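Read through the structure below, which is laid out as structure tokens, and then see the notes.
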Number of protein chains: 2
Amino acid sequence: MVGVRINHHQLARAMKASDIDLLLILLVVNLIKNLGHRYGSVIDAVSVAAKFAVYLTYLEEGKNLRRTGFLHHVEPRRVKEIVGEFEDLVQRGEPLHLLGSIEPSYLIGFSYIWLEKFPMQGDESRLKLFNLTASERLIVEASIAANLPKCLAIREDQMYSLIEELHGKSQDSLPLEKRTVFSDALAEHAKFRLLESGTVQEIKLNPKLSAYILAKTDYSPRDRQARIHTMIQDLTRYFEGMYAWVDEDPEVMRGIETLGVLPEQKDAAFQELDQLVRDWADKYHSEAATQQIALQFLISRHVDVLKI
Amino acid sequence: MVGVRINHHQLARAMKASDIDLLLILLVVNLIKNLGHRYGSVIDAVSVAAKFAVYLTYLEEGKNLRRTGFLHHVEPRRVKEIVGEFEDLVQRGEPLHLLGSIEPSYLIGFSYIWLEKFPMQGDESRLKLFNLTASERLIVEASIAANLPKCLAIREDQMYSLIEELHGKSQDSLPLEKRTVFSDALAEHAKFRLLESGTVQEIKLNPKLSAYILAKTDYSPRDRQARIHTMIQDLTRYFEGMYAWVDEDPEVMRGIETLGVLPEQKDAAFQELDQLVRDWADKYHSEAATQQIALQFLISRHVDVLKI
DNA sequence: GCGTGGCATTAAGCCCCTCAA
DNA sequence: TTGAGGGGCTTAATGCCACGC
């Protein structure tokens, strides 16, 4: 049972979640489970977004606390607090901060700090910090994959120190009120996340002592990070475009085609579409144009909603 | 100042929100401001999604409360509560409910209940329920748009009754624990939302008395609703496709082209693309194929991120 | 390791009321 | 009406410690 991967979207559908609910689930569940954000920080992030909505309405409604409160079902007193928070931000030129980054900031850069604090010089043993006999060391080293980042294996308490330092750094960029104290619980959470993502590996030397090694130089691999970034940007653009489409903006065109494709024709179809789009863009592109447009497209498996 | 429309995305960008934060803002702010969901219900909805993530991890990790807690930074005891909630849902076959519907359920169908409770028979006056002299009535009626739904104008207290009944109905579909009591504050919120969306109009008869008329048969116009629905579905599909793309799924192809287009060529370009895509789909479509694919595309204004 | 229990703090989402400008 | 108070309830996010298995 352990390690079974559950398709949250399918389970949610089976539980008869509505369309909008599926969208929320898709976003939130991935933030938490795949990207590794803390449960609480996602809740907080959304709460900031919701407060932002309140602040905007407040501005749009002529700074009327009561009316804003009615429109969103929030107490005027609370509206006032919220407005205060945002005016403060604007005043001090501080950035609007929800999650801040796609992956948890206190885990990003974990490898750098490790490499910085515990570098592995030349051909010294990775297990330098542990008192092992030569034969013990050889046995352990044999069980470690090759091509690992050049830094030393460390003890649990040293890893906690690294995490604490990282947490401290990530807090520096936050306004004073938003900072959260470091706690054992948080440290342990981070350790689990690092292990789970494969960034760190634990090697049990004996029942009481483990060595921790850095297994990857990033919380996520570089190219995957880049792809996730692209995904977020595409999604945001798509979101905005679709909002405009809902309002029947004539500058926006939306379309969808579903079709059955034979496996052996798939690659040809993909390639041809790519070429068609490229040619189309070349044909209509004009350097003289002031208006830039973007054409996004995506081919993916089509799952007939009714069939599920 | 009142009624000024603020582009939340631009303001958020100006406040240096990160990419992922912009995405969250786009979603949450629109749920609250444009679709009219209560502040609290959006928070709750996300909280349910987050709890769903916890539940999924719990299942995937072999029903290990503690480990699940560490992975998401939630106390094991809380994990247990959350798991209990979901097992209950599954057990009783109850649907997973976050927002439930794209627009607030207690406002959808407002016009139906009005038409049902206060229908306007034949050629009787819309203001039947108000004691007005013939001339007063004519003056007021002249100020009302033609072609309104055939139902009577009502008093404020009657509108509150309608809202209460509607709230009651929407609660029926919820499990017992999730129900919220009706309150004056909630009623007033609904009233403001109805007025703001233009579903209901207020006509001041005198300083102490207002008549309320139903100005539209829907909280949102039908075709707009349909578009919003399409948007949510497209977004969800796009989301899923992009997630697969991140994992380098070979069945997924993602692309984007940006170009400058002269206004006079825009329509031709749009039409040609439409045709190209159609032809491409026809060419590769095979009835024999078991695998269905979907090609989504969207043209929208391209805003260079760097320029903002 | 894991489940379970106790104990504590703080914020915030809710409700209602009054009074002065 | 709107802003500004006051008062109160309840949930839940977050922390810590400890016991028994």
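In what follows, chains carry the letters A, B, and so on, assigned in the order in which the sequence lines appear, proteins first and then strands, with residues in each chain numbered from 1. Not measured: the values here are computed from a predicted model.
Note: A:Tyr58 and A:Tyr55 have parallel aromatic rings, judged against thresholds of 30 and 60 degrees for the angle between ring planes. Ring-plane geometry between A:Tyr106 and A:His167 is classed as perpendicular, the angle between the planes exceeding 60 degrees on a 0 to 90 degree scale with a lower cut at 30.
Note on A:Lys178: nothing from the nucleic acid sits closer than 4.0 angstrom, heavy atoms only. Here A:Arg67 lies out of heavy-atom contact (under 4.0 Å) with every strand.
For B:Lys80, no side-chain nitrogen or oxygen approaches OP1 or OP2 of C:dG3 to under 4.0 Å.
Within 6.0 Å of CG in A:Asn131 there are 12 or fewer heavy atoms belonging to other residues, nucleotides or ligands. Within a 6.0 Å radius of CD in A:Glu103, other residues, nucleotides and ligands contribute more than 12 heavy atoms.
Residues A:Pro76 and A:Val181 each lie close to DNA chain D; by heavy-atom proximity, the contact nearer the 5' end of the strand is made by A:Pro76. Two residues, B:Ser183 and A:Lys51, neighbour DNA chain C, and the one matched to the more 5' nucleotide by heavy-atom proximity is A:Lys51. When each of A:Leu65 and A:Gly40 is assigned the nucleotide of DNA chain D with its nearest heavy atom, A:Leu65 is the one assigned upstream, toward the 5' end.
If you take NZ of A:Lys208 and P of C:dG1, they are 13 Å apart, rounded to a whole angstrom. We find that CZ of B:Arg66 is positioned 13 Å from P of D:dC17, with the value rounded to whole Å. Following rounding to the nearest Å, B:Asp184 (CG) and C:dC14 (P) show an atom-to-atom distance of 16 Å. Taking atom CD on A:Glu81 and atom C1' on D:dG3, their separation rounds to 15 Å, with Å as the unit. Here the C1' atom of nucleotide D:dT14 and the NE2 atom of A:His167 are 12 Å apart, to the nearest Å. Per the geometry, NE2 belonging to A:His37 stands 18 Å off P belonging to D:dA13, to the nearest Å. The nearest whole Å value for the distance from the CD1 atom in A:Ile43 to the P atom in C:dA11 is 18 Å. The nearest whole Å value for the distance from the CZ atom in B:Phe70 to the C1' atom in D:dA13 is 16 Å.
Which of D:dA4, D:dT14, D:dC16 sits closest to the side chain of A:Arg38 comes down to D:dT14. When distances run from any side-chain atom of B:Tyr39 to the nucleotides C:dG13, D:dT14, C:dC2, the shortest one goes to C:dG13. Ranking D:dG15, C:dC16, D:dA4 by closeness to the B:His73 side chain, first place goes to D:dG15. Side-chain proximity of A:Leu186 to the nucleotides D:dG15, C:dG3, D:dA4 is greatest for D:dG15. Closest approach to the A:Asn64 side chain among D:dA13, D:dT14, D:dG3 is made by D:dG3 (side chain taken as heavy atoms from C-beta onward). The nucleotide whose nearest atom lies closest to any side-chain atom of B:Asp44 is, among C:dC14, D:dT2, C:dT4, C:dC14. Candidate nucleotides D:dA4, C:dA12, C:dG3 were compared by shortest atom distance to the side chain of A:Arg78, and C:dA12 ranks first.
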Note to self: Before you tell me yes or no, could you show the steps for A:Thr68 and A:Glu61 under side-chain hydrogen bond (donor to acceptor under 3.5 Å, both in side chains), namely the whole-Å CA-CA distance, both residues' side-chain angles and the distance that decides it to 0.1 Å?
What the structure shows: CA-CA 7 Å; A:Thr68 303; A:Glu61 297 291 334; over 6 Å; no
Next item on the list: In sequence, state the C-alpha distance, the side-chain angles, and the governing distance for A:Glu81 and A:Lys51, and then conclude on salt bridge (charged side-chain N to carboxylate O under 4.0 Å, His left out).
Entry: CA-CA 10 Å; A:Glu81 280 178 49; A:Lys51 289 192 282 182; over 6 Å; no
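For A:Arg77 and D:dG8, a side-chain-to-base donor-acceptor distance below 3.5 Å is absent, hydrogens and geometry of angles not being considered. With hydrogens and angles ignored, no donor-acceptor pair under 3.5 angstrom links the side chain of A:Glu75 to the base of C:dC14.
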